[in-house]
Amino acid sequence: MSDRSSLAVILAAGEGTRMRSQRPKVMHPVGGLPMLGHVLAAATRAGIGRFALVTGSGAEAVGGFARKSAPGADIFEQRERLGTAHAVLAARSALAEQADDVLVLYGDTPLVTPETLERMRAELAKGAAVVVLGFRPAVPTGYGRLIEQDGRLVAIREERDASEAERQIGFCNAGLMAFRGESVLPLLDAIGNHNAKGEYYLTDAVEIANAQALPVVAIEAEADEVLGVNTRAELAAVEAIWQTRARQAAMLSGVTMLAPHTVYLSHDTLIERDVTIEQNVVFGPGVRIEEGAIIHAFSHVEGARIERGATVGPFARLRPGAALGPQAKVGNFVEVKNAEIGAGAKVSHLTYIGDAKVGAEANIGAGTITCNYDGFDKALTVIGEGAFIGSNSALVAPVTIGDGAYVGSGSVITEDVAPDALAIGRGRQVEKPGWAARFRAMKALTKRTRV
Ligand code: UD1
Ligand code: CA
């Protein structure tokens, strides 16, 4: 990575009227992370050292998120929307603190890769004063067109200012640009607003740089990478591309997916090699899965750690704080929340384990419920190593089942159970010989006499 100093100015104003949302546009998530977070992550991976964020008015949530995920970022507010150059200039004091490379990025263009940002920086290192990221959209309408002469980028013409001939150009401005640090302020300060929109266009920096004989280049990115989000439909399109990428990366790192297009990942999903993920599995944030684990079909997993060789599902739900030890098994229609399931323990069917510690090799029978909540507080259930909980038992927390203890099926356990003891908490079975036959005979008789 280059040792050049760098600053990224991220335009995060996007008021997002077309999103029809209370939430600032750049805070809408992709892969569970606000779009702005993706841009910050890509820039960080491209070695960007300093961030300046330009928000619109009333975007406290944006500033709050940035302060958390990029501590040290300078946050600026663009009070009036006078154009993209005006927006970048809102970060004037950050620009004045010189950096070798200055990148202008967009908070609503979250799919840009670190590699592309590195390519832009490489052009600056080779001597360019301005680098423009171009792409070839299927339909160029609405984008600024890149006007090249003799292999040089001489101007960017906005759609409304373009001639008929210029509109035929298919090579368009993605919006992202990079500047030689010492040139950025003089170039931006020279930009006027004499155009169809009466705005200060960042793109005018290209013509101004050319007039000063500064080298300007355009490099090309895949159209997918520079998709901007203006509507929820575009958000969904970006999500789909992001998911495809994330699945691809997981598979290339050694994860088996039987139907990758039905698996939904989060930005922070960590899956080690030789994990198998079956069809229709959804991962919320905070999941880590170790080698050799299997996630069977139709499982929903969030905030969970799944250790080596453990198996989950089909139809399992792991909620935040679920931690499955090596070779543990959580089977169908089982919900686990804030609970450790020890190595080799089995919770195979129709069970709720919440706020609990289940020891290694314990066996939890079908239909077991940890009654962890009294309507006010949560309480802990501890199940010892090798304990056996008979089917359809209710364990009323706080309660401890000792190592190696047995709980008889259908028990309601309210008191602690000693290690290796048997606890039965249910009505004793009574048997009345011949009762059923007598009952039927009596019923038959009364029915006949009633007629
Ligand atoms: C801009 C480019 C255009 C490019 C297109 C790619 C300019 C003049 N034009 O056009 O060449 O093809 O992006 O999508 O740069 N913004 C502010 N403050 C402002 C104005 C804009 O923060 O005062 C932000 C917007 O929120 C948005 C971005 O800058 O995130 C682009 O602005 P927008 O008005 O959408 O520019 P386009 O017309 O799309
Ligand atoms: Ca736009």
Side-chain angles (χ1 to χ4, degrees), residues 29 32 61 64 68 266 268-269 282-289 299-307 310 312-313 315-326 328-427:
K68 208 162 42 116
S266 263
D268 60 352
T269 311
V282 176
F283 294 104
V287 173
R288 183 191 177 101
I289 309 175
S299 293
H300 191 284
V301 181
E302 180 181 0
R305 194 181 77 231
I306 299 166
E307 294 184 22
V312 174
F315 297 97
R317 178 163 186 213
L318 301 186
R319 290 171 52 204
L324 276 49
K329 179 184 175 194
V330 167
N332 45 262
F333 307 109
V334 171
E335 176 178 340
V336 178
K337 184 217 72 169
N338 186 33
E340 288 171 23
I341 310 293
K346 292 189 176 63
V347 189
S348 297
H349 344 259
L350 297 157
T351 289
Y352 173 61
I353 301 291
D355 302 307
K357 284 197 171 114
V358 176
E361 303 295 335
N363 192 314
I364 312 295
T368 298
I369 305 289
T370 54
C371 308
N372 61 326
Y373 186 50
D374 60 9
F376 297 92
D377 298 302
K378 304 280 167 66
L380 185 70
T381 301
V382 178
I383 299 173
E385 288 187 14
F388 185 99
I389 311 299
S391 296
N392 208 34
S393 292
L395 309 176
V396 182
V399 72
T400 297
I401 314 295
D403 292 350
Y406 260 66
V407 167
S409 297
S411 291
V412 176
I413 297 295
T414 55
E415 310 284 342
D416 289 355
V417 179
D420 294 321
L422 166 67
I424 305 171
R426 64 178 185 232

For the atom pair [atom1] ([X]) and [atom2] ([Y]), what is the distance rounded to the nearest 0.5 Å?
X: Asp420; Y: Tyr406; atom1: CG; atom2: OH; value: 10.5 Å
X: Thr351; Y: Asn332; atom1: OG1; atom2: CG; value: 9.5 Å
X: Ile306; Y: Leu324; atom1: CD1; atom2: CG; value: 6.0 Å
X: Leu318; Y: His300; atom1: CG; atom2: NE2; value: 10.5 Å
X: Glu340; Y: Lys357; atom1: CD; atom2: NZ; value: 5.5 Å
X: Asn363; Y: Lys329; atom1: CG; atom2: NZ; value: 9.5 Å

Could you pull out the closest heavy-atom pair between [X] and [Y], with the gap in Å?
X: Ala387; Y: Gly402; answer: CB-O, 3.9 Å
X: Ser411; Y: Gly425; answer: OG-N, 2.9 Å
X: Gly313; Y: Ser299; answer: CA-OG, 3.6 Å
X: Ala379; Y: Ala397; answer: O-CB, 3.5 Å
X: Ala405; Y: Ala418; answer: CB-O, 3.5 Å
X: Ala423; Y: Val417; answer: CB-CG2, 3.5 Å

Side chain proximity check, [X] to [Y], heavy atoms < 4.5 angstrom:
X: Asn372; Y: Thr381; value: no
X: Ile401; Y: Ile413; value: yes
X: Lys337; Y: Asp355; value: yes
X: Asn392; Y: Ser409; value: no

When you measure from the side chain of [X] to the backbone N and O of [Y], does any donor-acceptor pair fall under 3.5 Å?
X: Ser266; Y: Phe283; value: yes
X: Ser348; Y: Ala366; value: no
X: Asp268; Y: Pro285; value: no
X: Thr269; Y: Val287; value: no

Inset, instruction - Return yes when atom CZ of Phe315 has more than 12 non-hydrogen atoms of other residues, nucleotides or ligands closer than 6.0 Å, and no otherwise. - result: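 Counting neighbours around CZ of Phe315, more than 12 heavy atoms of other residues, nucleotides or ligands fall under 6.0 Å, so yes.
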Legend entry - side-chain contact (heavy atoms from CB on, under 4.5 Å), paired with Leu395, selected from Ile383, Thr400, Ile369, Thr414: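 Going through the options one by one, the only one that passes is Ile383.
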Legend entry - Intermediate values then yes/no, side-chain contact (heavy atoms from CB on, under 4.5 Å), Val336 and Val347: CA-CA 9 Å; Val336 178; Val347 189; 5.5 Å; no
